[in-house]
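Comments concern the structure below.
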Amino acid sequence: MTAPTSALPAEHTPGTDPERWPDIVTLPRVSRARTAVAERIVRRALGRLPLRVRLAGQGDIGLGGPLMDIRDPDAFFRRIGAGGLIGFGESYMAGEWDAPDLVAVLTVLADNAADLVPRPLQRLRGIWHLRRPAAQMNTPEGSRDNISHHYDLSNELFALFLDETLSYSSAVFRGFPAAHDLLPAAQHRKIDRLLDAAGVTDGTRLLEIGTGWGELAIRAAARGARVTTVTLSAEQRELARARIREAGFEDRVEVRLSDYRQVTGDYDAIVSVEMIEAVGEEFWPVYFQTLDRLLAPGGRIALQAITMPDDRLRASRSTYTWIHKYIFPGGLLPSTEAVERITTGHTRLRTTQRIRFGAHYAETLRLWRERFTERTAEVDALGFDAVFRRMWTFYLAYSEAGFRSGYLDVQQLLLTREETA
């Protein structure tokens with residue numbers, strides 16, 4: 001059965017490519033009873049929140065606040081009944097609900113994430129939450145596929161909304177609100193803080209795990225470091241090598257298409273920016289053991305990591321989410337406590353410095369989201385359709401809301417080895 005569109009304005013009609021978007025074009029099969037239970041739970045949850053939820057033809061619910069406009073309530077509740085939060089995101093992609101201020105609505109939901117479902121019913125979460133597919137496990141082969149799904153979309157797409165440094169991680173600003181023209185300096189500030197923490201200077205043998213598009217490697221080489229940087233994205237490697245060559249550092253930087261587990265050698269410093277999120281919980285011990293193995297005596301490791309509360313990690317660690325399905329297959333955010341458990345239990349590494357700056361990530365994401373929205377025509381010209389644009393808008397807004405609510409944080413960690421006598 002196809003999604004009903006009669007209640008939706010034409011501009012909200014989803015794309016018509018059933019091969020590309022099978023679960024958006026077609027409503028899921030789900031029993032009436034399950035849909036009814038989902039509707040009752042969701043209505044109850046939304047009714048207690050500081051939102052104004054407009055249900056087309058059925059009146060408003062909520063305590064008042066940012067508007068959430070549910071244009072097709074039947075499809076909205078049906079999708080949630082079939083897929084829980086995956087259905088919630090898919091309903092947005094299909095244009096069945098919208099919001100004038102999407103971040104504000106999602107921030108309210110993130111603020112109340114732990115209590116949206118009554119506690120007695122939380123024990124039944126397995127009914128709605130799917131298990132992660134085995135194919136998304138971060139084995140060496142699986143990791144390559146997972147990374148390619150996101151980072152090999154199109155270098156041109158990322159260039160549309162990132163700044164000239166092509167840095168796809170949180171910047172560090174001097175103050176708020178920030179403007180897009182401040183992003184390059186803010187990204188360099190972030191990079192420099194990591195390189196300073198790792199002690200990167202002239203002659204340092206530096207390993208970077210997760211190349212991105214090469215800006216950190218370029219900045220480290222400018223200090224005189226010898227850089228080995230590894231990535232699983234063929235698209236990123238190609239552009240990173242070109243940028244490094246253009247900057248004049250081809251003789252100091254080697255960009256390898258390689259899994260972190262395959263790296264050998266000794267390095268005075270190791271830096272990794274927002275890569276641990278793609279490692280997968282089952283491989284966190286291997287990841288940190290690899291860092292321990294590769295670090296030369298007296299060396300330092302500087303990591304930038306997105307984190308979530310430990311109780312939420314424990315509750316959701318095996319859940320298959322909208323983010324897994326559409327954005328980052330195989331990903332999982334660690335908690336501060338999880339990092340400490342793994343490093344203490346499996347390595348000689350210890351955290352000696354920790355800096356949190358979640359508000360800076362919210363601001364970074366706002367700038368990316370606004371630029372992405374401004375460049376709709378250019379996104380279309382690259383061959384990405386309206387459903388993709390709604391998906392990407394939801395992803396950026398969803399992430400920004402996580403940091404604005406405090407549900408998510410970002411940290412820079414300095415790890416050193418606890419040497420034995």
Side-chain angles (χ1 to χ4, degrees), residues 110 163 165 167-178 182-201 204 206-210 212 215-217 219-220 223 225 267-279 284 287-288 291-292 295 298-313 331-344 347-368 399-418:
D163 66 275
T165 71
S167 297
Y168 190 39
S169 53
S170 180
V172 176
F173 299 97
R174 291 194 183 278
F176 304 136
L182 299 176
L183 260 177
Q187 292 292 1
H188 284 161
R189 191 173 300 115
K190 174 271 302 293
I191 291 171
D192 289 344
R193 200 160 74 175
L194 284 163
L195 295 178
D196 288 345
V200 176
T201 59
T204 297
L206 172 65
L207 170 66
E208 180 188 21
I209 299 178
E215 190 69 16
L216 187 146
R219 206 141 176 95
R223 294 187 176 204
Y267 298 89
D268 305 311
I270 302 174
V271 176
S272 189
V273 181
E274 296 179 24
M275 183 271 176
I276 188 175
E277 301 86 348
V279 168
W284 286 343
Y287 174 75
F288 283 108
L291 299 183
D292 193 1
L295 189 67
R300 294 180 166 193
I301 301 169
L303 305 181
Q304 184 162 310
I306 302 171
T307 58
M308 66 188 300
D310 196 56
D311 61 334
R312 301 308 302 159
L313 167 63
L332 182 66
L333 306 182
S335 65
T336 299
E337 294 83 352
V339 171
E340 295 304 313
R341 286 194 296 267
I342 299 297
T343 53
T344 301
T347 75
R348 297 166 293 170
L349 302 176
R350 299 295 180 267
T351 302
T352 56
Q353 181 180 304
R354 184 188 309 279
I355 301 173
R356 302 172 185 266
F357 53 107
H360 293 256
Y361 218 148
E363 195 71 357
T364 303
L365 284 155
R366 177 183 66 81
L367 295 173
W368 291 346
S399 301
E400 181 183 344
F403 288 102
R404 293 207 181 280
S405 69
Y407 183 86
L408 301 179
D409 202 354
V410 63
Q411 307 181 32
Q412 286 187 352
L413 309 176
L414 175 63
L415 286 77
T416 56
R417 183 185 289 127
E418 188 175 64

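Residue indices begin at 1 and follow the sequence shown. The figures here come from the full heavy-atom set of this structure, side chains too, leaving out hydrogens, waters and symmetry mates.
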How would you list, by chain and number, every residue that makes a ring-ring contact (aromatic ring centres under 6.0 Å, His included) with [X], sequence neighbours excluded?
X      : value
His360 : Phe176
Tyr267 : none
Phe288 : none

Quick one: closest heavy-atom pair of [X] and [Y], and the distance?
X      : Y      : result
Leu194 : Ala302 : O-CB, 3.5 Å
Ala198 : Ala269 : O-CB, 3.6 Å
Ala220 : Val200 : CB-CG1, 4.3 Å
Thr364 : Ser169 : CG2-O, 4.0 Å
Ala401 : Ala110 : O-CB, 4.1 Å
Leu367 : Ala178 : CD2-O, 3.6 Å

Residue list, side-chain contact (heavy atoms from CB on, under 4.5 Å) with [X], at least two apart or on another chain:
X      : answer
Thr352 : Leu414, Thr416
Asp292 : Thr347, Arg348, Leu349, Arg417
Ser399 : Leu365, Tyr395
Arg404 : Val103, Thr107, Ala362, Glu363, Arg366, Glu400

Do [X] and [Y] have side chains that approach each other closer than 4.5 Å (heavy atoms only, starting at C-beta)?
X      : Y      : result
Leu313 : Glu337 : no
Trp284 : Arg341 : no
Tyr168 : Glu274 : no
Leu415 : Leu295 : no
Ser170 : Gln304 : yes
Glu215 : His188 : yes
Leu408 : Tyr361 : no
Leu195 : Leu216 : yes

Interatomic spacing from [atom1] in [X] to [atom2] in [Y] - rounded to 0.5 Å:
X      : Y      : atom1 : atom2 : answer
Ile276 : Leu332 : CD1   : CG    : 9.5 Å
Ile270 : Leu207 : CD1   : CG    : 5.5 Å
Leu183 : Trp368 : CG    : CH2   : 8.0 Å
Ile209 : Ser272 : CD1   : OG    : 5.0 Å

Set of side chain to side chain donor-acceptor pair (under 3.5 Å) partners for [X], sequence neighbours left out:
X      : answer
Ser405 : none
Glu208 : Thr229
Asp196 : Arg223

(request) Can you sort out the partners of Arg350 under salt bridge (charged side-chain N to carboxylate O under 4.0 Å, His left out), two or more places apart, ordered by chain and number? (result)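 So Arg350 forms a salt bridge (charged side-chain N to carboxylate O under 4.0 Å, His left out) with Glu418.
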(request) Apply side-chain contact (heavy atoms from CB on, under 4.5 Å) to the pair Phe357 and Gln412, showing each step before the final yes or no. (result) CA-CA 8 Å; Phe357 53 107; Gln412 286 187 352; 3.6 Å; yes
(message) Suppose the criterion is salt bridge (Lys or Arg N to Asp or Glu O under 4.0 Å): which pairs have a residue in residues 351-362, not counting sequence neighbours?
(response)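 Those involving residues 351-362 are Glu340-Arg354, Arg356-Asp409.
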(message) Between Gln187 and Thr165, is there a side-chain donor-acceptor contact under 3.5 Å, judged purely by atom types and distance?
(response)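 Gln187 and Thr165 do not have a side-chain donor-acceptor pair below 3.5 Å.
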(message) Gln411 vs Val339, test: side-chain contact (heavy atoms from CB on, under 4.5 Å). Steps then yes/no.
(response) CA-CA 12 Å; Gln411 307 181 32; Val339 171; over 6 Å; no
